Q: 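Pasting in a structure now, in structure tokens, and then I'll have a few things to ask.
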Amino acid sequence: MDAEVAIGALSAALAVLGTVAAFLQLRRTPAASVSLPPALAVTGNQDSRRPLVVGDVPREPVSHMCREELLAEVSTVLAKSRVCVLIGGRGVGKTHLAATYVRDQLCVDVARVLWIVADDVAAVITSLADFARQAGAVDEVVDTEPAARTALRWLENESERSVIVFDNALDADAIARWMPQRGNAHVLITTTNQDFIVFGVTVHVDVFTPAQAVTFLCSRASLDDPGAAAMVARELGQLPLALAQAGAVIRRHRWSFAEYLAGFRSMPLRSLLPRVPGDNYPRTLEEATLLSVSEVEHSDPNGLVRRLIDLMAVLSEAGVRRDLLRTLRVEPASVDEALGGLANASVVGFDVSGKQVAMHRLTRQVMLARARTEGRIRDTVQDALTLLTPATEAQPAPGVDVVDHIAEVWAEARTVLASDGEDDDIWAELLRLRRWSVKRLVDMGEFSRAVAVGLTVFSEHRALAPSDDECIALARRALIDAYVTADHENEAVSYAEEALADRVRLAGLDHPATVGARNLLGYCCECAGQLDRALTIHRYNLGESIRVCGPDAPSTMRARINLASTYRSMGDLARAVPLFEENLAENLRVYGPDHASTINARGELARSYVRTGRAVEGVQLHEENAAFETDEQRADIHLTWWPQYRAAAYSAAGRHAEAIEQLRALVQRVDDVLPRDNPRAIRLRLFLARALLAGRRHTEALALFERTVVDRGRVLGIDHPSSLNARRNLGLALATTGRRRRARAVLSAVVSDYTRVLGSEHPYTRTARSDITSLPKSRGFVWG
């Protein structure tokens, strides 16, 4: 009996061991060898009336913006190709675009959808394994990776159409291992990683258009105020994620767009762009941005990526030239590699030329906040100076982008630099760069901006530098030059008076700097039409310059030519011409024929000769000057002063075709380069109008005279002396073309306005009055 019991127990044990072995064998068996019932192998356990959906396809969000053009592009790609890659920065709406496509496909002919959150390869494998189980391709007890491989093989052999989405894919190598290589499975990948462009046709997803942004934000915030919404959208860079989060905050707090905008500029970003509860997106904008950046920074042990990110955060949001970033004190190739990594992760983007790199304004804001929190702004400012200081000394001179960079660095530096002497060297260089900015804007013809920046820079200097510091005088001079070139001479006069008072206070009367300041004041007075005052100043200053500086000093040359110019402005050519002749002779004696001062003296004498009817002599002097122009000077768009007067001399000498041709070329050049309302461009059109009139091309001439009147009135104001002069020129042109009744009306109105603005005995008023007196025999006007 005991033996029988023992044998029975042994049999039972062997049976258990057999069951365990069978189970373990099943666990080791590849999924492909698992036998399935025929019906299950074809359709799995899914309901044949409904597509199988595995994974969480994002639902349609509140205020969904259907981006029809992008959606059509995706559909077109997947109609011809098995793979479509949606690439763009974080928050641009790649996931929602993919989800919209999937939801549309679920309404038509797709048999199954697999939505995979692909930022981690383990999650990809798990999702594929889960799909295999739900589709019935494997038994529930099969290991995850074999199940995932079975899912791929099963999808590759299925005839019915499937759609697989790899959302937020990061690792191209990892994803490549888990994509179907054939069959009727279409793959849609969303990613920030440019490496994925090798997978298939790429659709680039960018921010909303302005119209889309406004529509979406108004709907999301439940406000109907498109104008104010547009302002918020611009502040948020039209980024869909930011607009969604901002709209939710506005609606929750019952704010207006204006209230939100005010808070956005003063409150922390995370409080105004928080994650929306219940939304599909799992992160705040700040978290998403930091995640993208950290992925790139972790692969850069030398810290160059972080330095470049910090730099771009303090430089202009319009973007930075790659060649400027290469001047950082590291190997240029290292800079290119770091920028490439950032671009590959869609943290920054290049323009089509590859020469300019930019960062979305909200990314920039997040990075700037991080640098402030971590205490790196001071070091970043020093990095910026290593780029900007050499840029201001480069030839050819840089464009307005460097001005913008300087302004941004200055604004950020003021929040961190010490005022106790520790950072004096940095302050001094920043102030120098700010003054350079004003001068550069003047040189580029950006006169209105030069004035605005000049006022700010001068205020900054007075607030930061000691009252007797020379840098204050330099900032004031930059502002004066900006005012004069912008034809705002009256505003320049008060600053010139202040400059002279400071020089007298600091240096005394018997100092060359005082003579120079007095000369500047006289020049500003002449430009502003304060001719009597200018004459008094220049007469006195010429004597002072000879006494203090000597007869051959540059200040004496300037004092003499400015006195002669004032006589000419007053119409007193009998006194003006001999002074101009004396000035040229003195310049030739002291400096020689090709010195800049001599060229200026020769040109001013030539203008005066033309004014007195000695056009041939004027042409000769202008052509002498032209012989000293270098090819570089001829190509410089800003050196149009003497060429325009040379062309005018040709016209006065009867060489109309040459004058018109040269002036047309000059007008074209400045219109191509300078801002539309630049006073230099307006002046050139006036010169061309005069030449056309002299060449009897009356219709075109009158149209240009009319345009000059409108342009100067709009830019300078209708009572500006230059605007009045434009109207006087129109009146004379009308008289020349036989339209005497209208000419008289125009000139009479001009005389009335000259009298009101400048007084009845001002030289300009008297000249305009004499035009009416001589109207019956008018043949035009005198060049000069």
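These figures come from a predicted structure and were not determined experimentally.
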Q: Return yes if some donor-acceptor pair links the side-chain N/O of Asn193 with the main-chain N/O of Phe196 below 3.5 Å, else return no.
A: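 Absent.
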
Q: Is a salt bridge present between Glu297 and Arg370, judged by a nitrogen-to-oxygen distance below 4.0 Å?
A: yes

Q: Looking at Arg306 and Glu374, is there a salt bridge between them, counting it only when a charged N and a carboxylate O are closer than 4.0 Å?
A: yes

Q: Is it true that a side-chain atom of Asp300 and a backbone atom of Gly303 form a donor plus acceptor pair closer than 3.5 Å?
A: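 Between the backbone of Gly303 and the side chain of Asp300 there is a qualifying donor-acceptor contact (under 3.5 Å).
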
Q: Can you see which heavy atom on Arg103 is nearest to which on Arg59, and at what distance?
A: NH1-C, 3.3 Å

Q: Apply salt bridge (charged side-chain N to carboxylate O under 4.0 Å, His left out) to the pair Asp143 and Arg149, showing each step before the final yes or no.
A: CA-CA 10 Å; Asp143 281 346; Arg149 295 194 182 282; over 6 Å; no

Q: I need the minimum non-hydrogen distance between Ile426 and Leu417, along with the two atoms involved.
A: CG2-CD1, 3.6 Å

Q: Is it true that the side chains of Arg161 and Gln105 contain a donor and an acceptor less than 3.5 Å apart?
A: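 Looking only at side-chain atoms, Gln105 and Arg161 do form a donor-acceptor pair, the distance falling under 3.5 Å.
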
Q: Can you give me the closest heavy-atom contact between Ala123 and Val117, atom names plus distance?
A: CB-O, 3.7 Å

Q: Show your reasoning for whether salt bridge (charged side-chain N to carboxylate O under 4.0 Å, His left out) applies to Asp323 and Lys355.
A: CA-CA 7 Å; Asp323 65 326; Lys355 296 179 180 179; over 6 Å; no

Q: Looking at Met231, I want to see if its CE is surrounded by more than 12 non-hydrogen atoms of other residues, nucleotides or ligands under 6.0 Å.
A: no

Q: Roughly how far, to the nearest 0.5 Å, is CZ of Phe166 from CH2 of Trp178?
A: 10.0 Å

Q: Is the number of heavy atoms from other residues, nucleotides or ligands within 6.0 Å of CG (Asp104) greater than 12?
A: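 It does: Asp104 CG has more than 12 such atoms within range.
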
Q: Does the pair Arg112 and Ser162 meet the rule for a side chain to side chain donor-acceptor pair (under 3.5 Å), with working shown?
A: CA-CA 5 Å; Arg112 55 196 67 82; Ser162 303; 3.0 Å; yes

Q: To the nearest 0.5 Å, tell me how far Asp383 CG sits from Asp310 CG.
A: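 It is 8.5 Å, given to the nearest 0.5 Å.
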
Q: State whether the side chain of Arg378 and the backbone N or O of Val416 hold a donor-acceptor pair below 3.5 Å, judged by distance alone.
A: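 It does not hold such a pair.
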
Q: Is the backbone N or O of Met359 less than 3.5 Å from a side-chain atom of Thr363, with the two atoms forming a donor-acceptor pair by type?
A: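 The answer is no, because no donor-acceptor pair under 3.5 Å joins these two groups.
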
Q: Taking everything shown except Asp672 itself, do over 12 heavy atoms lie less than 6.0 Å from its CG?
A: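 Counting neighbours around CG of Asp672, more than 12 heavy atoms of other residues, nucleotides or ligands fall under 6.0 Å, so yes.
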
Q: Quick one, Gln134 and Leu52 - any side-chain contact, counting heavy atoms below 4.5 Å?
A: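 A side-chain contact exists here, since the closest heavy-atom pair is under 4.5 Å.
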
Q: Could you check whether any side-chain heavy atom of Cys218 comes within less than 4.5 Å of a side-chain heavy atom of Leu223, counting everything from C-beta outward?
A: no

Q: Is the backbone N or O of His96 less than 3.5 Å from a side-chain atom of Thr100, with the two atoms forming a donor-acceptor pair by type?
A: yes

Q: Within this structure, what is the OG-CD distance for the pair Ser292 and Glu287, rounded to the nearest 0.5 Å?
A: 12.0 Å

Q: Shortest non-hydrogen contact from Thr327 to Leu324?
A: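 Between these two residues, the closest heavy atoms are OG1-O, 2.6 Å.
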
Q: Which atoms form the tightest heavy-atom contact between Val92 and Val205, and what is the distance?
A: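 Heavy-atom minimum between the residues: CG2-O, 3.5 Å.
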
Q: Could you check whether any side-chain N or O of Gln212 sits under 3.5 Å from a backbone N or O of Thr209, counting only pairs where one atom can act as donor and the other as acceptor?
A: yes

Q: Between Arg321 and Asp401, is the closest basic N to carboxylate O distance under 4.0 Å?
A: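 A salt bridge links Asp401 with Arg321.
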
Q: Between the main-chain N or O of Arg376 and the side-chain N or O of Thr380, is there a donor-acceptor pair closer than 3.5 Å?
A: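 Yes: the side chain of Thr380 pairs with the backbone of Arg376.
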
Q: When you compare the side chain of Val203 with that of Leu70, does any pair of heavy atoms fall below 4.5 Å?
A: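 Leu70 vs Val203: side chains touch.
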
Q: Do Met65 and Pro240 have side-chain heavy atoms sitting under 4.5 Å apart?
A: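 No - every pair of side-chain heavy atoms lies 4.5 Å or more apart.
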
Q: Would you say Arg414 and Leu430 make side-chain contact, with heavy atoms under 4.5 Å?
A: no

Q: State which residue, out of Val113, Asp167, Leu114, fulfils the side-chain contact (heavy atoms from CB on, under 4.5 Å) condition with Val57.
A: Val113

Q: Closer than 4.0 angstrom, basic N to acidic O: yes or no for Arg440 and Glu446?
A: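 Salt bridge absent between Arg440 and Glu446.
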
Q: Could you check Glu429 against Thr389 for side chain to side chain donor-acceptor pair (under 3.5 Å), going step by step and ending with a plain yes or no?
A: CA-CA 8 Å; Glu429 181 57 16; Thr389 296; 2.7 Å; yes

Q: Are the side chain of Arg254 and the backbone N or O of Arg251 linked by a donor-acceptor pair below 3.5 Å?
A: yes

Q: Measure across Ala233 and Ala213 and return the closest heavy-atom pair with its distance rounded to 0.1 Å.
A: CB-CB, 3.9 Å

Q: Step through the shown structure and confirm whether more than 12 heavy atoms of other residues, nucleotides or ligands are within 6.0 Å of CD on Glu331.
A: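 12 or below, so no.
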
Q: Can you tell me if His298 uses its side chain to pair, donor with acceptor, with the backbone of Ser294 under 3.5 Å?
A: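 Side chain of His298 to backbone of Ser294: a pair is present.
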
Q: Once you round to the nearest 0.5 Å, how far does OG1 of Thr192 lie from CG of Asn344?
A: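 If we round to the nearest 0.5 Å, Thr192:OG1 and Asn344:CG are 8.5 Å apart.
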
Q: Does the side chain of Ser63 come under 3.5 Å of the side chain of Ser219 through a donor N or O and an acceptor N or O?
A: yes

Q: Kindly indicate, with the supporting measurements, whether the criterion side-chain contact (heavy atoms from CB on, under 4.5 Å) is fulfilled by Ile116 and Leu128.
A: CA-CA 8 Å; Ile116 302 173; Leu128 282 165; 4.2 Å; yes

Q: Can you find a pair of side-chain heavy atoms, one from Leu433 and one from Trp410, that are under 4.5 Å apart?
A: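 Not in contact.
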
Q: So, does Thr191 use its side chain to make a donor-acceptor pair with the main chain of Ala169 at under 3.5 Å?
A: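 Side chain of Thr191 to backbone of Ala169: a pair is present.
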
Q: Do Glu317 and Arg234 sit within salt-bridge range, that is, some charged N less than 4.0 Å from a carboxylate O?
A: no

Q: Going by heavy atoms in the side chains, are Val83 and His186 under 4.5 Å from each other?
A: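 The answer is no, as the side chains (C-beta and beyond) never meet within the 4.5 Å cut-off.
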
Q: Say you draw a straight line from CD of Glu68 to OG of Ser75; how long is it, rounded to the nearest 0.5 Å?
A: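 Going from the CD atom of Glu68 to the OG atom of Ser75 covers 11.0 Å.
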
Q: Does atom CD of Glu69 have more than 12 heavy-atom neighbours from other groups under 6.0 Å away?
A: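 Counting neighbours around CD of Glu69, 12 or fewer heavy atoms of other residues, nucleotides or ligands fall under 6.0 Å, so no.
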
Q: Can you find a pair of side-chain heavy atoms, one from Leu236 and one from Phe264, that are under 4.5 Å apart?
A: yes

Q: For Glu337 and Arg326: C-alpha separation, side-chain torsions, deciding distance, then whether salt bridge (charged side-chain N to carboxylate O under 4.0 Å, His left out) applies.
A: CA-CA 11 Å; Glu337 184 177 352; Arg326 283 173 177 159; over 6 Å; no

